[in-house]
Every structure is written in structure tokens, then in C-alpha cells.
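What follows is a short report on a single structure.
Throughout, residue positions are numbered sequentially from 1 according to the sequence presented. Because the structure is a prediction, the values reported are computed rather than measured. The figures that follow rest on heavy atoms only: side chains count, while hydrogens, waters and symmetry mates do not.
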Amino acid sequence: MTVSSTPAPYDLVVVGFGAAGLSAALSFAEATEGRETPARIAILERSSEDERGGATRWTGAFLRVDEQRRLDTDWAEHVGRVSGGLADVEYCRTVERESPQTLAFVEKHGVEIDYADFPLPHTFDGGTPSMTPPASPRGGGASIVEHLGAALEKDPRVDIHYETEALRLTTAEDGAVDGVVVRGPDGRTRRLTGRAVVLACGGFQGNTEMLTRYVGDRACDLPLIAPGIANNRGDALRMALELGADTAGQFDGIHAEPVDRRTSKADAVLYGFSCGIFVNGRMQRFFDEGRDTWDNTFEHVGYEIWRNQEQEAYWIADAKTLAIPGIMNSLLSDVPPEQADTLEELADKLGIDAEGLAKTVAEFNAGVGEGEFDPTRLDGKSTVGLTPPKSNWATPLDTAPFIGVPVTAAICFTYGGVRTDLDARVVTPSGTAIPGLYAAGEATGLFYKAYPPATSVLRSLIFGRLAAHHAAQAQQSV
């Protein structure tokens, strides 16, 4: 592996060093192994080598698959349902079809897939609430970055250009993409020629100007869920639109998650909120914490905290939540919840209005209906006469110790992006593929209204591979 400082002709230029880009580069390297003239591959990474990997480096990379590497069979239809029919269901079915071989590919390169000890029900198993633990790479997304990155570093056909940003795509006279103009760490620009380009550099969550333009006012109030996504500057969208590419996904939609305000740890998400309550800065409940399993509500909580609750909320629970086996595995902060023997003491530790908290908790407790509390299923134990209601897991908060976590909403990724076909080719509004241009991962738009989770890294890996395979075959046939 070398880091080039001069322009060179490449067979493939990949923009981005996350799951999609690494999958594309390594799959292309494998698909072109043995060519009489060795294929040459360039990978562009905005960050330094130490910080490479974008969002992938920091995510836990949950995978919505079973132990046979098969995707949840309901996921494609689930995406279609929540989107109101706007999402590309065939794209989702491609994710389902390609999941086993794609996970086998990353495992072949040393990524180990584990099944997490997760204590709460979710819909990762055929659309039915289940206690089947979600899968994830051992070591999270960083394992993908390091293992696939190491394989590429060993390949003499691969050049990795760190601290290099993509400025614009170049085209031949017939409109085929034939390279990228880049700016290196010295601030100077140059053109890297390439027979094909894969845009795999994420969405625009790291670009406040684009967030404000598409998502709306106060987008600047959204902290990033991890440092690496600061490099997701919307480069893929900007460059593709300059060539007349089409878009997909909801451009004012984001995947936001409730995170612990007390820590700077990446991905400090509060998943295990279903068995407590949320209050805002005025000590008012604002969300039905039990309307569905956590995986179908956690991003809605995050969005609500940002959009309507001034980025301030508190999760409150008691000893019954603490007694759920493994519950701490669903609270990803490195700081344990605040704990106290009384609500007044808990309020003091959280720095909130004790009288207001006590009043809201008393009203909630009085509204809890009959039924047996069961955190392993949708138990139907709900409140009566409360607004908002709590539709499941409503149990009085009356048993010490009481616990609490101050939370805010952090942005994970944006919904809107470039539109591609099922071979990952970037297409125009007419559906015509732009020759030589591909896109994969969060650079591509898919979701509307909601993100059925544990599939972002997976679809990135899958469509990076599909882009590489199509590009390799196209070049072979020329």
C-alpha cells in the first residue's frame, strides 16, 4: 500500500473509508484479482489515518439478522409500511437477499459476529416482538474498519489518500464519470482519474448549513452522536446533483437518538427507556414511552426531544426497572444513572424541580391501570386518563431506589440522499444510470418517516459490494 501524492489512473476511486467504501474497495480488489494488468484502486478519506472510518468507526453496528446471517424477513415490508409506500421496497429486498453472503464476506476478513445480551423485546425477528438478541460485530463498527482496512493496506494495488476531500466529479465528453478533483492536506487540488467512482462518504449530518437547509431551523442544536460523522459533509449529494442525479429519502428526516447528556462518549444511547417515563425541562411527560418496542420508538423520542422539547429531557425509573435482568446493557452510557432513595433527592442530583417532578410522578402513578407488568413482551399494562398515555409497561414509580438520566437528542444520520438502482448505480430522475458513478451507504436516500433500525451498516456493506461487482463486470466486458 502506498499513499500517492501525484495523479494516477485508477480503475476504481472510492470516496469514503466507512463500511460502504471499505466493502466496495475490498470487493473490487477481490473481483479483479488475477487480471493480467493489475487493477488499481484509490480510497479517499477526509480524516487522518488515526480517525479513519467515519460513522462506522463509532457505531455498535447492530445487525438485524439471525444466527444464519438472515435478515429479519419482515424488514422490507416494514420499511414500506412506515414510509407510507414511498420507500424503495425492492432495494430493501435486495438487502434481505444479500445479507448472508455479505456477512460471510466480512467474517472471512476477520470480523467476528456476536449476539448481544439485550434485556428488552424488539421486532428484529420477523416483525414480532422477540427477545432474540441482536447481532453485532465484536468490537462494533471499529472492527469492520480495522479488519477490512488492514486487508486493503496489504494490497499493493491500493492507494489510500488520507486528509483528502472530494471536490467534484469529472466526466468524459459522453458524460461518463472519469475521475474526481480532490484537495489534499497541502490545500492544493488535483484530479484523480478513474474508470468508475463510488460515493460512500455518508450523508450531510456533519454539515450544519445543509442540515438547516433541508431539516430546518435549530439544526445547529443537534450534537453529533459520534466524532466521525463530522466528516459527513454531504459531498456525495453535492457532487452527484451537479451531474443531474436524482434523490431519494425524506430530506427533512433524520435519525436522532436519546443520549446521556453527562458524557462525551460516542453512541451513549438510552435504549432501555420503555419501563420508565420521560419528562421535559418543565417536568411534564411528553411521549408514550410504551407505545411499541424500543427499536420502533427510540428515534421518535430523540426527534421529539430536539424538535419540541428544547433538547432537554430526563428519564425517570425506579427499582422495578433496575430489577430487570441485564437492563444496564441497554443503557450505553459510561456513566451509571443517578440513583437516590427519594424523588426529591434524585431531582437534586439531576438539577431539576423536585416539586414538579413529584407532582408528575404522582399523577402518573394514579393513572396506572390494572394488569401484570412483563418487560419481556408488549404487556398491555397501560395508563387510564393520562395525556400522553403509556400503552405498555405502565407501573407505578414508587419503589426506591429511584434512578434518572438527563438526555438530549443527538443526530446519527440523515434520510435524504442520492438515488441508486439495485446495482448501486447513481441514476437520473428518468431512472437512467450515470455511467461510471455508484453510491452506497448513507450517501444514498432510502427512509421516510422512520428508520427500522439495525440495518444501516448492513446496507452499506451490501451496496458497497454490489457497486464493486457491477463496476468490475462492466470493465471486464469492455
ask   = Do the side chain of T420 and the main chain of A424 share a donor and acceptor less than 3.5 angstrom apart?
value = no
remark   = In short, P137 meets I144 closest at the heavy-atom pair CG-CD1, 4.0 Å
Straight-line distance of T376 OG1 to L120 CG, nearest 0.5 Å = 9.5 Å
Pair E112-S143, side-chain donor/acceptor within less than 3.5 Å = no
inquiry  = Under the criterion ring-ring contact (aromatic ring centres under 6.0 Å, His included), I'd like the reasoning laid out for H470 against F463: C-alpha separation, chi angles, the key distance, then a yes or no.
reply    = CA-CA 10 Å; H470 189 277; F463 277 88; over 10 Å; no
inquiry  = For the aromatic rings, using the six-membered ring if either is Trp, is the centroid distance between Y271 and W294 under 6.0 Å?
reply    = yes
key: E30 vs K108, salt bridge (charged side-chain N to carboxylate O under 4.0 Å, His left out): CA-CA, chis, key distance, verdict   = CA-CA 12 Å; E30 292 182 350; K108 179 182 72 172; 3.2 Å; yes
note = Value for CZ (R307) from CG (D252), rounded to nearest 0.5 Å, stands at 8.0 Å
ask   = Would you say the side-chain atoms of T297 pair up with the backbone N or O of T293, donor to acceptor, closer than 3.5 Å?
value = yes
query = Quick one: do the R70 and S99 side chains pair a donor with an acceptor below 3.5 Å?
reply = no
Can you list, pair by pair, the side-chain donor-acceptor contacts under 3.5 Å of residues 221-233, counting residues two or more places apart and other chains?
unit_1, atom_1, unit_2, atom_2, d
N232, OD1, Q205, NE2, 3.2
N232, ND2, C201, O, 3.3
R233, NH1, G206, O, 2.7

ask   = If we only count heavy atoms from C-beta on, is the K449 to S83 side-chain gap below 4.5 Å?
value = no
query = So, T444 side chain and A440 main chain: donor-acceptor pair closer than 3.5 Å or not?
reply = no
ask   = Between F413 and Y451, does a ring-ring contact (aromatic ring centres under 6.0 Å, His included) hold up when you go through it step by step?
value = CA-CA 10 Å; F413 60 81; Y451 158 60; 4.9 Å; yes
ask   = Using 4.0 Å as the upper bound for N to carboxylate O, is an ion pair formed by R195 and D178?
value = no
ask   = Which is it for E98 and Q101 under the side-chain hydrogen bond (donor to acceptor under 3.5 Å, both in side chains) test, yes or no, and what are the steps along the way?
value = CA-CA 6 Å; E98 296 290 330; Q101 52 265 50; 3.3 Å; yes
task = Write down the atom of M210, the atom of G234, and the distance for their closest heavy-atom approach.
result = SD-CA, 3.9 Å
request  = Could you tell me whether a side-chain N or O of R261 sits under 3.5 Å from a main-chain N or O of V407, the two making a donor and an acceptor?
outcome  = yes
note = In this structure, OG1 of T128 is separated from CG of D74 (nearest 0.5 Å) by 7.5 Å
request  = Would you name the heavy atoms of R64 and P453 that are closest together and state the gap between them?
outcome  = NH1-O, 2.9 Å
query = So, for A409 and G302, which heavy atoms are closest and what is the spacing to 0.1 Å?
reply = CB-O, 3.0 Å
query = Looking at the rings of F204 and Y214, which for Trp means the six-membered one, are their centres under 6.0 Å apart?
reply = yes
ask   = Does the side chain of R46 come under 3.5 Å of the side chain of Y162 through a donor N or O and an acceptor N or O?
value = no
Side chain to side chain contact (heavy atoms under 4.5 Å, CB included) between D260 and V335, worked out = CA-CA 8 Å; D260 188 344; V335 182; 4.1 Å; yes
ask   = Does H161 reach the side chain of E45, with side-chain heavy atoms less than 4.5 Å apart?
value = no
ask   = Taking the side chain from W393 and the backbone from R377, do they hold a donor-acceptor pair closer than 3.5 Å?
value = yes
query = Could you walk me through whether E209 and R213 pass the salt bridge (charged side-chain N to carboxylate O under 4.0 Å, His left out) check?
reply = CA-CA 6 Å; E209 185 276 327; R213 188 191 331 161; 2.9 Å; yes
message = For V259 and S333: C-alpha separation, side-chain torsions, deciding distance, then whether side chain to side chain contact (heavy atoms under 4.5 Å, CB included) applies.
response = CA-CA 8 Å; V259 299; S333 176; over 6 Å; no
inquiry  = Could you report the tightest heavy-atom contact between G272 and I327, atom names first, then the distance?
reply    = O-CD1, 4.3 Å
key: Donor-acceptor contact below 3.5 Å, side chain H469 vs main chain A24   = no
ask   = With distance as the sole test, does D11 use its side chain to make a donor-acceptor pair with the main-chain N or O of R40 at under 3.5 Å?
value = yes
ask   = Going by atom types only, do T123 and D295 share a side-chain donor-acceptor pair under 3.5 Å?
value = yes
message = Check this for me: does any side-chain nitrogen of one of E96 and R93 sit under 4.0 Å from a carboxylate oxygen of the other?
response = no
task = Apply side chain to side chain contact (heavy atoms under 4.5 Å, CB included) to the pair R52 and S47, showing each step before the final yes or no.
result = CA-CA 6 Å; R52 67 186 186 179; S47 78; 4.1 Å; yes
key: Flag side-chain contact, heavy atom, 4.5 Å: L71 against L63   = no
request  = Please lay out, stage by stage, how S48 and E163 fare under the test side-chain hydrogen bond (donor to acceptor under 3.5 Å, both in side chains).
outcome  = CA-CA 5 Å; S48 65; E163 299 178 61; 5.5 Å; no
task = Please test Y415 against Y448 for ring-ring contact (aromatic ring centres under 6.0 Å, His included), starting from the C-alpha separation and ending with a verdict.
result = CA-CA 7 Å; Y415 284 179; Y448 298 83; 8.1 Å; no
request  = Enter the distance from R57:CZ to D50:CG here, rounded to the nearest 0.5 Å.
outcome  = 8.0 Å
inquiry  = Return the CG to CG distance between D334 and D267, rounded to the nearest 0.5 Å.
reply    = 11.5 Å
query = Can any side-chain N or O of K265 pair as donor or acceptor with the backbone N or O of L332 at less than 3.5 Å?
reply = yes
task = Could you tell me which non-hydrogen atom of L241 sits nearest to which non-hydrogen atom of A245, and how far apart they are?
result = CD2-O, 3.6 Å
task = Applying ring pair (Phe, Tyr, Trp, His ring centres under 6.0 Å), name anything that partners F287, two or more places apart in sequence or on another chain.
result = none
Gap separating the CG atom of L22 from the NE2 atom of H147, nearest 0.5 angstrom = 12.5 Å
message = Quick check on ring pair (Phe, Tyr, Trp, His ring centres under 6.0 Å): which of F447, Y303, F298 does H255 satisfy it with?
response = F298
query = Between the side chain of D155 and the main-chain N/O of R157, is any donor-acceptor distance below 3.5 Å?
reply = yes
task = Name the orientation class of the two ring planes belonging to F105 and H109 (parallel below 30°, tilted from 30 to 60°, perpendicular beyond 60°).
result = perpendicular
Note: R69-E107 ion pair, threshold 4.0 Å (strictly below) = yes
message = Once side-chain contact (heavy atoms from CB on, under 4.5 Å) is applied, do any residues pair with T428, and if so which ones, sequence neighbours excluded?
response = S430, T432, I434
key: W75 (side chain) donor-acceptor with P452 (main chain) under 3.5 angstrom   = yes
inquiry  = Go through it in stages, so that I can follow the logic: the residues are V65 and L103, the test is side chain to side chain contact (heavy atoms under 4.5 Å, CB included), and I'd like the CA-CA distance, side-chain angles, deciding distance and then a yes or no.
reply    = CA-CA 10 Å; V65 298; L103 292 177; 3.9 Å; yes
query = Can E165 and R238 be counted as an ion pair, charged N to O under 4.0 angstrom?
reply = no
